[in-house]
Amino acid sequence: MSDKKPSKTQVKARLPKGMRDVEAQELRALKHMLDTISEVYERYGFEPLDTPAFEYTDALGKFLPDTDRPNEGVFSFQDEDEQWVSMRYDLTAPLARYVAQNFDATPKPFRRYQTGYVYRNEKPGPGRFRQFMQFDADTVGTANPAADAEMCMLAADTLEALGIPRGGYIIKVSNRKLLDGVMDAIGISGVENATRRLTVLRAIDKLDKFGWDEVELLLGSGRKDESGDFTKGAELTPLQVRKIREYLSWESIALFRSSVQTHRQERLERDIEIAENLLGESDLIEAGLRELFDIEVLVRSAGYGHNRICIDSSVVRGLEYYTGPVFEAELTFRATDESGQAVRFGSVGGGGRYDGLVSRFRSQPVPATGFSIGVSRLYAALSHLGKIGAAKAAGPVVVLVMDKARVGDYQCMAKQLRDAGIRAEMYVGDAGMKAQMKYADKRGSPAVIIQGEDERAKGEVTIKDLLEGSRLSGEISDHAEWKEARPAQFSVSEGDLVAAVQKLLAEQAKA
RNA sequence: GCCGCUGUAGCUCAGUUGGUUAGAGCACCAGAUUGUGGAUCUGGGGGUCCCCCGUUCGAGCCGGGGCAGCGGUACCA
């Protein structure tokens, strides 16, 4: 085995694409963030639930693997009995399965929150992974807009609990019934226009990314991007495009605010009439407006202003799945990255009403609404804003092994420190003292405990303050002097070890 | 999927018109200092120059074809 050349059988250590490791500092901060979110959700009365990472493919929905491409979009494999199984791609489909399976025993409305990794077999990009974390809250079993309104308030409260100040975020609300109604009104309803409607939705969804001019191209003949890729448009007529634009530029449904502020039902009726004159007559538009009105009234009564939750007609969200109100949580912060470029964080979560999901498993309708946070994205934004506990967790106090025959004594010192609640360890490697010091340094230890022959003879231990020592090292350039000075260390009698370390840590914490 | 850019040490990169044994900085390990993390000095380990084919006496460099990474775009429950 003395051959130094890597053998052909040696495997290359590498990560599958779109996957990543999460290291100590981030993991601690992430846990803290998840705890904060959980607290808010618990306070709203949601119950925790966990479901497995994979499900039978048919339970997850329409992404059925076919024989040619069984892994398109979702990671799938066949179980021993040849049934297809897929990794979950969100937390909502498993929830629907759970509720359907435990329907009679579950209180309705059923309110649960859940976090975990989900998996998508797609091309990874900047900030996009094939395994990522979501944090969801859903209310299943009621069509009451109060449940939707609550989702918006929950989202706002959560972002604030995470340290995002009021004004640094906005919860946008719209209603898919409005868009569907508008498309109805411009004559692109019906099965034969299904793909065209999808194209229109996709185009509108890109409004905040590209602006209206580009969206107009996507609604019409199509758009060519800088890299030369051409995206086919929806081929709408100029008249149809103009109607869409009227809908989108509909000043946050300003007229609506007046109805809501006065809580006057008769004004709502009048406003609905105005809207239908503008956009076209449609039952869907009327129903959508009524739902938004209810949400507005509830949210405002609870004291959430337009700076926190507001109606925005450009919100689209998922293409096929939402059936009513849709929400999007957006960070409005401006910040700059390392190279001084402006970064926009954009959407960190979203959700809406999906009345069709559970009913796939049962004959009766089961309306539901929910909100989902993109944990990784939100984490990235928070850490950019300095809202993540930047302080690295202090490393352990390291008890050096000066004499291998006495590991029992050293282990005992470490245990005494632990029993006093101090993070501590005995060095468990095989290297000499110098390497042990380096190890402690790299671990970020606040102090090391030294007991060699000299201390032992006097019944003492030496405590070396690594933080102070590091500071002093800047003032000493000569190594002989540095070695001679042995800065920032002192000895105490064995019995005082714990008390002395506690005192030192307290002083360090103050500095 | 489409378009563009980039592939040389763990990381960041240099490498002349194609010419001997492919370099630097950082990082890592060791010694100077057998009981002290820093600094300094000395030494050391570490390479499929992304892969294959071609041109050539000779390719890290030139040509062709792949692959991978990054960026944009498309798709996105």
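Below, chain A is the first sequence line, B the second, and so on; all start at residue 1. The structure displayed is predicted, hence computed values, not measured ones.
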Which residues pass the side chain to side chain donor-acceptor pair (under 3.5 Å) test with [X], not counting sequence neighbours?
X: A:S493; value: A:D496
X: A:D409; value: A:R406
X: A:Q436; value: none
X: A:Y113; value: A:E42

Value in whole Å for how far the [atom2] atom of [N] lies from [atom1] of [X]:
X: A:L201; N: B:C76; atom1: CG; atom2: P; result: 10 Å
X: A:E214; N: B:A74; atom1: CD; atom2: P; result: 10 Å
X: A:K483; N: B:U33; atom1: NZ; atom2: P; result: 8 Å
X: A:R20; N: B:G69; atom1: CZ; atom2: P; result: 17 Å
X: A:W482; N: B:A32; atom1: CH2; atom2: P; result: 18 Å
X: A:Q489; N: B:G38; atom1: CD; atom2: P; result: 15 Å

Sequence-distant partners of A:R130, salt bridge (charged side-chain N to carboxylate O under 4.0 Å, His left out), two or more places apart: none

Under the salt bridge (charged side-chain N to carboxylate O under 4.0 Å, His left out) rule, collect the residues that match up with A:K438, sequence neighbours excluded. none

Nucleotide-resolved protein contact map, nucleotides 26-31 of chain B, B/S/- at heavy-atom distance under 4.0 Å: --SS--

Could you pull out all residues at least two apart from A:V407 that satisfy side-chain contact (heavy atoms from CB on, under 4.5 Å)? A:V401, A:M426

With a cut-off of less than 4.0 Å, is there a side-chain N or O of A:R202 near OP1 or OP2 of B:C76? yes

Contact under 4.0 Å: A:R486 side-chain N or O vs B:G35 OP1/OP2: no

Contact residues, residues 457-473 of chain A to RNA chain B [heavy atom, < 4.0 Å]: A:K464, A:L466, A:G469, A:S470, A:S473

Decide, yes or no, whether a salt bridge links A:E330 with A:K172 under the criterion of side-chain N to carboxylate O below 4.0 Å. yes

Using a strict cut-off of less than 4.0 Å between a Lys/Arg side-chain nitrogen and an Asp/Glu carboxylate oxygen, indicate whether A:R471 and A:E475 qualify as a salt bridge. yes

So which pairs with a foot in residues 110-126 of chain A pass salt bridge (charged side-chain N to carboxylate O under 4.0 Å, His left out), sequence neighbours left out? A:R111-A:E150, A:R112-A:D138, A:E122-A:R128

Provide the distance between the two C1' atoms, one in B:A59 and one in B:C50, to the nearest whole Å. 16 Å

Between A:V375 and A:Q134, does a side chain to side chain contact (heavy atoms under 4.5 Å, CB included) hold up when you go through it step by step? CA-CA 5 Å; A:V375 172; A:Q134 293 192 327; 5.5 Å; no

Shorter than 3.5 Å, N or O on both sides, protein versus nucleotides 41-44 of chain B: list them out with atom names.
none

What's the closest nucleotide to the side chain of A:E122 if the choices are B:U36, B:A74, B:A77? B:A77

Please tell me which of A:P124 and A:F210 maps to the more 5' nucleotide of RNA chain B, matching each residue to the nucleotide holding its nearest heavy atom. A:P124

Would you mind telling me which residue lines up with the more 5' stretch of RNA chain B, A:L218 or A:G452, judged by nearest nucleotide? A:G452

What is the pairing partner of B:C41, taking Watson-Crick or G-U wobble pairs with both distances under 3.5 Å in any strand? B:G31

What residue pairs, at least two apart or across chains, pass side chain to side chain donor-acceptor pair (under 3.5 Å) with a residue in residues 422-431 of chain A? A:E425-A:Y439, A:E425-A:R443

Base, sugar-phosphate or nothing for A:E455? Non-hydrogen atoms, less than 4.0 Å. base

